[in-house]
Amino acid sequence: GAVVSQHPSRVICKSGTSVKIECRSLDFQATTMFWYRQFPKQSLMLMATSNEGSKATYEQGVEKDKFLINHASLTLSTLTVTSAHPEDSSFYICSARRLAEWGEQYFGPGTRLTVT
Amino acid sequence: TQLLEQSPQFLSIQEGENLTVYCNSSSVFSSLQWYRQEPGEGPVLLVTVVTGGEVKKLKRLTFQFGDARKDSSLHITAAQPGDTGLYLCAGGTASGTYKYIFGTGTRLKVLA
């Protein structure tokens with residue numbers, strides 16, 4: 001199998017604080033992980049591509065200083081939302097690509113972030 | 001910016017009816033995937049098509065990739081309530097790291 005987990009599944013934080021979301025590939029090594037954002041009743045928007053051991057590549061319009069991505073190992077990537085505001089409230093989903101597989105990506109279950 | 005437009009945005013049909021969802025772009029994609037997503041969960045991959053004109057069948061679902069690899073369709077025969085969900089197409093692009101850009105989504109509701 002190819003299982004991807006995310007932690008936490010839900011988080012509520014106060015405006016101005018930072019929150020970290022973890023994405024782990026449980027049974028495979030992932031050279032590349034992707035972070036998506038999804039607003040209610042909308043599609044997924046790619047935020048950034050994270051390659052193990054190198055800096056993340058952010059999509060146009062995504063603030064890299066606000067959404068810090070670290071991919072320190074072949075099984076873990078983290079997304080930190082810094083100085084969160086209510087408009088950052090969203091569903092954050094990660095996906096992971098297995099080593100040597102060019103097209104397949106396996107999605108995590110998502111993290112619901114609510115900023116109060 | 002590559003965009004993938006899906007139509008219709010919303011679809012509510014009776015059990016047993018057939019339906020088609022379209023995914024269109026002005027850009028060429030190396031591959032195209034279709035996903036279904038339930039509320040509060042990550043998307044689940046249904047199929048990947050890579051060759052222009054390719055047709056794949058998955059039980060009652062038929063997927064087609066356009067000849068020019070700019071568009072795709074998903075046809076469901078005899079829809080069932082269990083088909084209810086958000087259907088997403090995603091185009092694969094090799095600019096830099098290979099990545100997928102998601103379509104705008106089609107929300108399907110099948111009534112019993």
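Order of the sequence lines fixes the chain letters, A, B, ..., with proteins taken first and strands second; residue numbering starts at 1 for each chain.
The part of T32(A) that comes within reach of chain B is its side chain, from C-beta onward, which places non-hydrogen atoms under 4.5 angstrom from that chain. Looking at Q6(A), neither its backbone nor its side chain comes within 4.5 Å of chain B, counting heavy atoms on both sides. With a threshold of 4.5 angstrom between heavy atoms, Q37(B) approaches chain A through side-chain atoms but not through N, CA, C or O. For L46(A), the part lying under 4.5 angstrom from a heavy atom of chain B is the side chain only.
We find that K20(A) and E22(A) are not joined by a salt bridge, their nearest charged nitrogen and carboxylate oxygen being 4.0 Å or further apart.
Around atom CD of E38(B), more than 12 heavy atoms belonging to other residues, nucleotides or ligands sit under 6.0 Å away. Within a 6.0 Å radius of NE2 in H85(A), other residues, nucleotides and ligands contribute more than 12 heavy atoms.
Y22(B) and T106(B) share no donor-acceptor pair across their side chains, judged by distance under 3.5 Å alone.
Considering only heavy-atom pairs separated by less than 4.5 Å from chain A, the leading option among G105(B), P43(B), P39(B), G42(B) is P43(B).
Aromatic pair F107(A)/Y36(A): centroids less than 6.0 angstrom apart.
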